[in-house]
A.B. asks: 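Quick one: structure below, then a few questions.
Labels below follow one simple rule: chain letters A, B, ... track the order of the sequence lines, proteins then strands, and each chain is numbered from 1.
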Amino acid sequence: MEFSELIRTGQAQAELLRGPEAPPLRGTLCVTGHHLLLSPGPQATPDLWLLLLRSVDSIEKRVAGDSGTITLRCKDLRVLQLDIEGVEATLNIARSIEALSSLESVITSFPFFYRPKGLRLGDAWHFHPPERYYKRVARETNAWRLSEANEDFSLCPSYPRAVIVPRAVDDDALARSARFRQGGRFPVLSYHHAPSRTVLLRSSQPLTGPQKRRCAEDEALLRAVLAGSRPGARGFIVDTRSAQTAKQARMTGGGTEAKAAYLGWKRLHRPLERGRPLQESFVHLVEACGDLEQSMDHWLSRLAGCRWLAHVKEALSTACLAAQGMEREGACILVHGAEGTDSTLLVTSLAQLILDPSSRTMAGFQELVEREWIQAGHPFQLRCAHSAFSHAHPKHEAPTFLLFLDCVWQLGRQFPLSLEFGEGMLLALFDHAYASPFGTFLCNSEQERPVSALDPST
Amino acid sequence: MEHIRTTKVEQVKLLDRFSSSNKALTGTLYLTATHLLFIDSHQKETWILHHHIASVEKLALTTSGCPLVIQCKNFRTVHFIVPRERDCHDIYNSLLQLSKQAKYEDLYAFSYNPKQNDSERRRGWQLIDLAEEYQRMGVPNSNWQLSDANRDYKICETYPKELYVPRIASKPIIVGSSKFRSKGRFPVLSYYHQSKEAAICRCSQPLSGFSARCLEDEHLLQAISKANPANRYMYVVDTRPRLNAMANRAAGKGYENEDNYSNIRFQFVGIENIHVMRSSLQRLLEVSGTRGLSVGDLYSGLQSSGWLRHVQAVLGAAVVLAKAVTTESASVLVHCSDGWDRTSQVCSLGSLLLDPYYRTVRGFMVLIEKDWISFGHKFSERCGHLDGDPKEVSPVFTQFLECVWHLTEQFPQAFEFNEAFLLQIHEHIHSCQFGNFIGNCQKEREELKLKEKTYSLWPFLLEDREKYLNPLYRPQAQEFAVLEPNTVSFNFKFWRNMYHQFDRTLHPRQSVFNIVVNMNEQNKQLENDIKDLESQIKKRKNKQADGVLTKELLNSVRPESPMLKTSLCFKEQTLLPGNDALRTIDSSNPADNRYSEYAEEFSKPDPAVVSLEYGVARMTC
C-alpha cells in the first residue's frame, strides 16, 4: 500500500495554535506518510514543527468562510489547533490525517521507517533478556531454573521464550499447568526477594470452571514454589478481582484456586478496576483537567467522580500488601486476575519497585518495564490504541500502563530521594507507549514481535 | 494555680489518631501552670500549652480507662487514656479552667520570662518600625502625608495613631468621612507602589443605606484618585459577595454608589464572612480527621467543606488588586464590612504579590505588623484568647497563611522563608506567649501596657532565622518582582503540613528540603575552605616575592612552609567526607543504605500509610 493514496492534499498554508504558552506558528503545512510538518518558510526561523501522525487521537474539523480549522487531540493529551486557508484544503488534509493516523497494520507504522542517527539496528534490542534476570536470581537461590518450554510459543502465546520456573518442575508438568490456566499463562517467577528468600509469581486465572476441575501439576508447581522458598513459608494468592467476580468467572470456565487443593496457600481478594471502567475514569479525568474555568467545587467533585485517584490508591495498596507479605510475613505471593496481563502486572511491578532498590535506578526501572510489561505480554497495541480523546468506542483500550506510571509518580512524591529517575522519564514512557518513533511498545506479546520482524527493522 | 487538682498521673496511654489502638505509648502526664506535659517511656516529651487547647472532651469509660480527647488550635489532636476515672475528671476540669482565661492579665505572655533585660525587651519591640516601613514605600511625599487626626484614637478607636492620607484631604474631610464609615474606619493608605504611584487603601463599608451620601467621603475618595497622577480612575473593591452587601443596606450600611462618586469603578469579589469560614474549616478538619478515609470521600469532603474555594477566592481578590496596580497603575480602595478581616487578607496578599520585600523574613513580619496588627485585626477575639463569644472566633489569619503557603508552592524561589516559618507564626498567634497578638487593636494594646509587660515575638524568630530560611530563595530574580499566581482550581491542594502537622505517620519519610539545606551548608563550607587556601597561597607567594629581595626574609619563610603543607593535607582530609556525602545525595548508587532503609520503612508494622497528592488519603492494608 502506498501512503500517497491516502494523502489528498500535500500542502497548504496554515497557522498553528499551540495553546496559551507558545506563540502561534505560521507556515506551510505538509502531510507526509507519518508526519505532519509545518515549515515557517525560508526567511523565518528554521524551527520546523513536526507531529507524528500516529499520536493523533481525534480530529475535529470546522469550516467557516474560506478557511477551516482543524483541532487535533493527541494521545499525549496535547490539543492543537490548525487554521488552514481554503475549504477544500482543510477537508482534504483532515481526511488524510484521519486515514493516516488510524492505520491498523503494524508493518506500515513509523518505527519501521525511523532511523535515528548513530544507532545501528538490532543493537539495543534485547537489552534485558530474561536470561539476564535469571542470572541474578540464580546467584541468590538455587531453587529456580530457566525453562525454554515456551520456545515456540506453543505453551503460552503471550509469554517470552524463556521463563523462570521452580527447578523441581519439569517441562511436561509446565505444559499441563499451562493448559489449566487461561491463555496458557502458568505461574512463573516475577521477582525473587533475596533478603527474605521469598518470591513473587504471576499467572492467569485457573480454568476450574463450574465443575471445579483441578490440575495436579499446577498444584505441584505451587507446592514446589513453597518448598523452594525458605522452610515453613506460607503462600498468598492475591486475586485482583473481588470474590464475587471470581466466582462468576467459573461460569465462563475460569475461577480461582480451591482452598483444599493448594495446601499452604491462602487466597486474598483485592478488587482492582480494569478495562472499560478504567478507561472511562481516565477520559473523565482528562475532561476535568481540560476545563480551566471551572469552579473549585466543580473541579473537586469531578476529581472525586472520576475515581482515578481511587484506582491509584487501590493499586498501590495492593502492591503494598504483596510487598509486606513478602518482606514481613516471609510469604510467597502469587498474583493473578483473569487474564494476568493487566492488573496482575501492575501489582507485581509496583511490588518490585517497593521491595527492590535496584529497580529504582534508571537502568533497573527500564529493565522492570521491559520484563514486567513488554515481555510479560501486556497487550500495548490493544490497550494504547487510543487515548482519552478518541470518539471510538473503547473495546480493549485501558490505561493500565498509565496507572502504573501514576503509581510510580506517587511513590516518588512520598520518597523523593529513592527514585533515580524523575518525572520526565515517566512522561516520556507515557508518550512512547501511546505513539513513538521506536518499536519498543509495538505489538501485544513476544510472539507477535518476531512475526512482524520488529527487531531487525526498528 | 488554684485550678490544678492533680499534678501528675502515671500509666497514661497516648493513642495515635490514625493507627490501630494497640500501638499506644504509655507514660506520665504532668499538669503545670502553663503546660500539659506527657513523657512517654522513651523519654520523649510532648508539651501542650494550655492556651492552645481548643476543646477537651471526656469520652465514655472503657475497660482500659477513661479516654480524654484534647483538640488544639494548632490542629494537634491528642487522645489520652487515663487509668482512673477520678484522675481523668480532675485533669478534665483543670484543663477546662486553664484553657479559658477571663482576663488578659492571666495570659501566658504576662508571666513568660525569656531571661531578657529591659533594654533588650525594648529593642525587641522597636525591631519593627512602621514609620520606617512607610518611608521605605516612599511616603510621605508630595501626594501623601502623615495625618495626626487620630492621635488620641478619637476618630477611630481601632485604627493606629499614625495614618497616611492624601495631602489634599483636610482634617474636616477626614472627620466627615469617618462619620460615614462603619466604626469610623475611613479610607487610609495601606500600601504605596512607588514606581507606579498607585496606592492600595483600606476602609470599612459606607453607611449608605439605600440612598444616603456623604460629600466629605466623596471628596476623600476623589483625593485618593487625584493623588495618583498615572490613572484618574480608581477601583473600589468590596470583598463581600454582592448579596451580603445588599443585605447590609437594609441595616443602613452597604456599598458605594458608582453614580455618587466620580472616577470610581466598583466591584465585588465575593469572599464569604467569618462565620462561613469558621464552619468551613471545621468541616474540613472533620473530614481530614476521619480514619480510613477513602479517596472519594476525601474529595467530596474537600468540596463540601468549601475551604479551598474560599482560599481561591481570597487569592483571586489579591490578584485583582495586583493587576489593577501593575497593568493600569490604578489605585485601589478595599473594604468589607468592618474592614479588619477580609480587607486585611486582601490588602496584605496584594502587597505580597507586588513587593518582593514582603517575601523576606523581616518583610513578612512588617507586613503582619502593618496590615494585621496595627489596622486592628481582632486577634484576641478571632483566636479565642479569652473566654468570649465563640461566634467571634474565625480562622481568618490561618487562611491568610494558607494563601501565602499556596504562593510559596507556586513560586518556590520567590520567598526567603519556608513553611516552618508560617507554621511557627501560626503557633504563636494562639500561644499568647508573646505580646504581639494579644488584644484587638492598638488602643487596647496600649492600655494593657503590652510593651512594658510582655515580649515581642519577632526577635525570637530572627534568632532562629536559619531554621526558617528557604534554601531555594533567589532574591535577585527579576521574574519574581511581581508574582502572578495561577488561580485555576487544580493549583489548590490540601495543606497537610498545617492541618496534620502533628500526625507524623501521614508525612513522607524523606525530605528533599533537608538534603538541599545540608548540601548548601556543605557548599558554603567548601567555598570557605577554598577561600582559606587561596589566601594562604597568596600569602606564601607574597612572602616568596619578598624573599627574593631580602635573604633574611627568605629564612623566616622557611619555618612556615612545612606548617602550610600540613594544613593543606589536613584540608584535603576534611574535603573527602564532604565529597562522599555529596555522592550519596546523588542517589545513583543502588547499594546505598537509604534504599534498604526505605524497604524497611515501607514494611513497618503499622498499616502502610500512603498519602496521595492533593490530600491525605490513607490506605490500610
Side-chain angles (χ1 to χ4, degrees), chain A residues 193 195-196 268 270 288-289 291-314 316-329 354-364 406-407 409-420, chain B residues 294-313 486-490 492 507-515 584-592 594-605 607-615 617-621:
Chain A
H193 189 50
S196 64
L268 298 167
R270 290 284 146 156
C289 291
D291 188 357
L292 296 178
E293 299 299 314
Q294 64 196 332
S295 72
M296 183 67 80
D297 288 354
H298 201 179
W299 156 244
L300 287 172
S301 76
R302 284 170 91 169
L303 191 61
C306 80
R307 296 190 35 80
W308 178 260
L309 285 172
H311 300 320
V312 171
K313 183 187 151 183
E314 287 305 322
L316 269 174
S317 71
T318 310
C320 279
L321 171 86
Q324 275 191 357
M326 290 173 72
E327 169 82 19
R328 274 189 40 241
E329 311 270 328
I354 290 166
L355 288 171
D356 182 13
S358 67
S359 69
R360 288 177 229 132
T361 62
M362 194 83 168
D406 198 340
C407 292
W409 183 79
Q410 299 284 1
L411 282 177
R413 294 282 303 184
Q414 278 202 58
F415 300 94
L417 308 174
S418 291
L419 300 179
E420 194 194 5
Chain B
S294 78
V295 178
D297 288 349
L298 169 73
Y299 284 103
S300 54
L302 271 184
Q303 182 210 338
S304 68
S305 77
W307 180 255
L308 289 180
R309 190 186 62 212
H310 301 316
V311 170
Q312 186 187 29
N486 189 338
T487 50
V488 169
S489 302
F490 12 89
F492 292 87
H507 292 225
R509 298 177 196 109
Q510 296 174 330
S511 154
V512 175
F513 175 77
N514 288 345
I515 291 283
T584 48
I585 289 160
D586 221 42
S587 83
S588 57
N589 185 357
D592 195 324
R594 253 194 336 274
Y595 289 112
S596 48
E597 201 183 286
Y598 165 59
E600 267 167 39
E601 288 263 22
F602 219 96
S603 50
K604 266 189 170 173
V609 179
V610 176
S611 36
L612 299 175
E613 171 63 335
Y614 300 118
R618 283 164 295 279
M619 53 186 66
T620 310
C621 333

A.B. asks: Does B/Asp297 have any salt bridge (charged side-chain N to carboxylate O under 4.0 Å, His left out) partners at least two apart in sequence or in another chain, and if so, which?
C.D. replies: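 Result, salt bridge (charged side-chain N to carboxylate O under 4.0 Å, His left out) vs B/Asp297: none returned.
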
A.B. asks: Using every non-hydrogen atom in the two residues, find where B/Gly296 and A/Ala304 come nearest and quote the distance to one decimal.
C.D. replies: O-CB, 3.9 Å

A.B. asks: State, with a plain yes or no, whether a side-chain heavy atom of A/Arg302 is found less than 4.5 Å away from one of B/Tyr299.
C.D. replies: no

A.B. asks: To the closest 0.5 Å, what do you measure between CH2 (B/Trp307) and CE (A/Met296)?
C.D. replies: 12.0 Å

A.B. asks: Between A/Ser359 and chain B, which part of the residue has a heavy atom less than 4.5 Å away: side chain, backbone, both or neither?
C.D. replies: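 No part of it gets close to chain B.
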
A.B. asks: What's the separation between atom OG in B/Ser294 and atom CZ in A/Arg307, rounded to the nearest 0.5 Å?
C.D. replies: 8.0 Å

A.B. asks: Can you list everything that forms a salt bridge (charged side-chain N to carboxylate O under 4.0 Å, His left out) with B/Arg309? Sequence neighbours excluded, please.
C.D. replies: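 Residues passing salt bridge (charged side-chain N to carboxylate O under 4.0 Å, His left out) with B/Arg309: A/Asp297.
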
A.B. asks: Distance check, rounded to the nearest 0.5 Å: A/Leu300 atom CG versus B/Ser489 atom OG?
C.D. replies: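 Atom-to-atom, A/Leu300:CG and B/Ser489:OG are 7.5 Å apart.
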
